[in-house]
Structures are given as C-alpha cells and as structure tokens.
Amino acid sequence: MSSKEKDLIYSSPKTRVEDFRFDAQVVEVFPDMIKRSVPGYSTIIETIGQLSARYAQDDTNIYDLGCSLGAASLAMRQNIIADNCKIISIDNSKEMVERCQIHVNAFKAKTPCMVKQGDILAEDMHNASVIVLNFTLQFIAPQHRQTLLNNIAKALVPGGILVLSEKIYDEDPVCMDLLNDLHHNFKRANGYSDLEIAQKRAAIENVMKPDHLNTHLQHLHEAGFSHATPWFQCFNFFSLIAIK
Ligand code: GEK
C-alpha cells in the first residue's frame, strides 16, 4: 500500500476535538492507524481472502462495503478461484476512493475490481456470493442497519456469505471496562499515548456507535440468514460469517 505515514493525528493537544472524518489526512495514515488500533486486523483481512476462495461463486458479484483503501478487496482479488466474478468496492469518502483506485490499479489479477464513491445504503446490490462489511456497519446510523442487512441478504445468492467485522459493546459494565482497558493497553503497546487515545475516543464517539453481539445476531436472523457464527474475537473487536 502506498500510504506509509505514521498516525500522529491526535498526538498533540487540541483545543477542540472535531468529529472524526475519513478525509485526506486520515487517508495518508490509514494503514498505520487501523493496524495499531484494531486488534487482529491483518488476520481478519487474510481470512477474508481465504473465505473468498471458498465462497465466491462463478458469474457473481463480490461487494466490499466501506472499502477504505481496499485491503479486503485486494485480499479477495488475490484469492478468488471462481471464474467471471466482479469485485465492487464502495466508499462514500472521495479521498479514500481515489487512493483505493491507485492501490487496485497497482495489481493485476483475473478478477476485475470496480472502485466507486457512493453511499452503501443507496447501492443496488444483486447476484452476490460474498459481501464484506469490515468495520463499516458501526459507522452507519443505527436506524438504517437492519435495512442494510436486509438488502445484503436479498442480494446474496443461495450459499452466499456476509463477513461482518465490528467493534462490540458489552452490556455488562464490568466486562465493558475490562475489554476497553485491554484494548487501550493494546494501543499503548503499539505506541499510542494516553493523550492520543483520549482525543481519538472523543473524536469518534459521535460517529461510531457499536452494537452488542446479540443485536448483530438478531439483525442477521431477521434479515433471513440461515447460519451465523463469530469466527474471531480479540477484546471488543469481533468478526462473524453469516451464510444465506
Ligand atoms: C478495511 N473496510 O480496511 N457508505 C459508504 N462508505 C461508508 C459509509 C457509507 N454510508 N459510512 C462510512 N463509510 C475497511 C475499513 S473503515 C473502519 C473500513 C475504520 C466508510 C468510511 O468512509 C470508511 O472508509 C469506512 O466506511 C470505515 O477493511 O476506520 O474503523
């Protein structure tokens, strides 16, 4: 990936912490930011690649919703075995999409990848065998989440999958405190200061609203998925596979 800058966005004190946005400044440091902030991110990306080898079906579409710089799209593109698939990578941040397109152009593969700027809530998805929501649903307003999952389930062909990765909320305050502490230790061990952790938390709290794991499972059941299982959890971050 071409963005190799260190994330120092919250390293000096700010008089006012603005709400977090996926803008040009974030694009420059995004690979470093997500790797140092999300436990298991590399494992999740690699596993999405493996899952696409197993579940992508001939002549279908593969969607990466909220693709950012295209890490999941590229992992799938390298691993899809099925013939005549098309990856559609969507993000509503212009800066993310521009950089993602550069990354996609840098690799040749048999599966084409179309990168587009758009709102995933407005996307008309169809004939899909794999759909990825890798840490994106938490940025969608809670009142729209069920509709999006319904659209995803409708767009999937039989045997198609959704990979859903999210930060999760625990209703038990003792467990929530423990998971938060473990996550903050992870960030500290990756070089973030207490100031950076606190300012990032203030920036993100209005724009990212995690759900409880049971809420996700309920939404998926209601959307019509026959099977859903978490396959990864580290602290308050998890990933699940739902099969139609
Ligand atoms: C990865 N999946 O590296 N429509 C389209 N995109 C959106 C929307 C929306 N309504 N809302 C937010 N986004 C990536 C990481 S990051 C997660 C995903 C994180 C986009 C937003 O612009 C951003 O690029 C992405 O969702 C969330 O595997 O940074 O914690």
Side-chain angles (χ1 to χ4, degrees), residues 1-3 7 9-10 19-49 51-52 62-79 87-101 103-104 113-125 130-149 151-152 162-168 183 186-187 192 197 200-201 203-211 232 234-240:
M1 296 225 166
S2 63
S3 330
D7 171 22
I9 294 176
Y10 297 103
D19 279 353
F20 186 83
R21 291 178 50 239
F22 292 97
D23 56 14
Q25 185 191 26
V26 167
V27 164
E28 287 309 321
V29 301
F30 189 74
D32 179 66
M33 171 186 279
I34 198 149
K35 221 167 120 198
R36 288 203 288 141
S37 307
V38 175
Y41 178 74
S42 304
T43 303
I44 293 171
I45 292 294
E46 278 165 30
T47 307
I48 288 171
L51 289 167
S52 71
I62 313 293
Y63 290 90
D64 183 5
L65 305 176
C67 60
S68 299
L69 301 186
S73 301
L74 293 177
M76 294 194 286
R77 207 170 177 222
Q78 281 163 9
N79 282 281
I87 301 172
I88 300 156
S89 311
I90 307 166
D91 204 288
N92 63 357
S93 156
K94 179 174 163 284
E95 293 86 354
M96 283 288 187
V97 165
E98 284 170 0
R99 186 64 60 90
C100 181
Q101 185 67 64
H103 291 168
V104 167
C113 180
M114 186 178 88
V115 183
K116 60 186 234 184
Q117 187 186 351
D119 184 346
I120 58 174
L121 293 169
E123 181 67 18
D124 177 20
M125 292 175 276
V130 178
I131 301 184
V132 172
L133 270 174
N134 201 37
F135 299 106
T136 301
L137 191 63
Q138 58 201 7
F139 291 101
I140 300 296
Q143 68 273 24
H144 298 313
R145 291 180 189 174
Q146 183 69 60
T147 308
L148 176 60
L149 294 171
N151 291 345
I152 288 172
L162 165 68
V163 182
L164 173 66
S165 313
E166 289 272 290
K167 187 171 185 181
I168 43 173
H183 179 226
F186 169 87
K187 290 188 80 168
Y192 282 117
I197 294 170
K200 174 74 181 283
R201 192 176 45 218
I204 206 110
E205 69 188 358
N206 287 331
V207 287
M208 194 185 103
K209 309 260 182 216
D211 268 329
F232 174 92
C234 183
F235 313 141
N236 39 353
F237 292 80
F238 90 108
S239 183
L240 68 72

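Note that ligands are numbered from 1 as they come in the structure, with each ligand's atoms numbered from 1 the same way. No hydrogens, no waters, no symmetry mates; every other heavy atom, side chains included, goes into these values. Since this is a predicted model, take the numbers as computed values, not measurements.
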Validation row: [X], [Y] side chains within 4.5 angstrom (heavy atoms):
X: Ile140; Y: Leu121; result: yes
X: Asp23; Y: Ser93; result: no
X: Asp211; Y: Glu166; result: no
X: Met33; Y: Pro31; result: no

Subject >> Partners passing side-chain contact (heavy atoms from CB on, under 4.5 Å) against Lys209 (at least two apart in sequence or in another chain) >> reply: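 Residues passing side-chain contact (heavy atoms from CB on, under 4.5 Å) with Lys209: Pro142, Arg145.
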
**OP:** Identify, with sequence neighbours excluded, every residue that meets side-chain contact (heavy atoms from CB on, under 4.5 Å) alongside Val38.
**Re:**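 With sequence neighbours excluded, Val38 shows a side-chain contact (heavy atoms from CB on, under 4.5 Å) to Ile34, Tyr41, Phe135, Phe237, given in chain and number order.
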
**OP:** Considering only non-hydrogen protein atoms, determine which one is nearest to atom 28 (O) of ligand 1 and report residue, atom name and distance to 0.1 Å.
**Re:**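 Looking only at protein heavy atoms, the one closest to atom 28 (O) of ligand 1 is Asn134 ND2, 2.9 Å.
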
Original post:
To which protein heavy atom is atom 29 (O) of ligand 1 closest, and what is the distance rounded to 0.1 Å?
Top reply: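 For atom 29 (O) of ligand 1, the nearest protein heavy atom comes out as Phe22 CE2, 3.1 Å.
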
Original post:
Nearest to atom 22 (O) of ligand 1 by heavy atom, Leu74, Val132, Asp91: which?
Top reply: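 The option holding the nearest heavy atom is Asp91.
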
Original post:
Should Leu121 be listed as contacting ligand 1, given a heavy-atom distance under 4.0 Å as the test?
Top reply: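 No, Leu121 has no heavy atoms under 4.0 Å from ligand 1.
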
Original post:
Quick one: does Ile45 get a heavy atom under 4.0 Å from ligand 1?
Top reply: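 Ile45: in contact with ligand 1 (<4.0 Å).
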
Heteroatom proximity flag, [X] to ligand 1, N/O under 3.5 Å:
X: Asp64; value: no
X: Gly66; value: yes
X: Phe30; value: no

Original post:
What are the atoms of ligand 1, with element, lying closer than 4.0 Å to any heavy atom of Asp119?
Top reply: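 Once the distances to Asp119 are compared, the set is 4 (N), 9 (C), 10 (N).
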
Subject >> Contact atoms of ligand 1, heavy-atom distance to Tyr41 under 4.0 Å >> reply: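 With Tyr41 as reference, the close atoms of ligand 1 come out as 1 (C), 3 (O), 28 (O).
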
Subject >> Distance-minimising heavy-atom pair for Arg36 and Tyr192 >> reply: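 Nearest heavy atoms, Arg36 then Tyr192: CB-CE1, 3.5 Å.
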
Original post:
Where does Leu65 meet ligand 1, judged by heavy-atom distances below 4.0 Å: at the side chain, the backbone, both, or neither?
Top reply: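 Neither; no heavy atom under 4.0 Å.
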
Subject >> Ring geometry between Phe20 and Phe22 (parallel below 30°, tilted from 30 to 60°, perpendicular above 60°) >> reply: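 Geometry flag for Phe20 against Phe22: perpendicular rings.
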
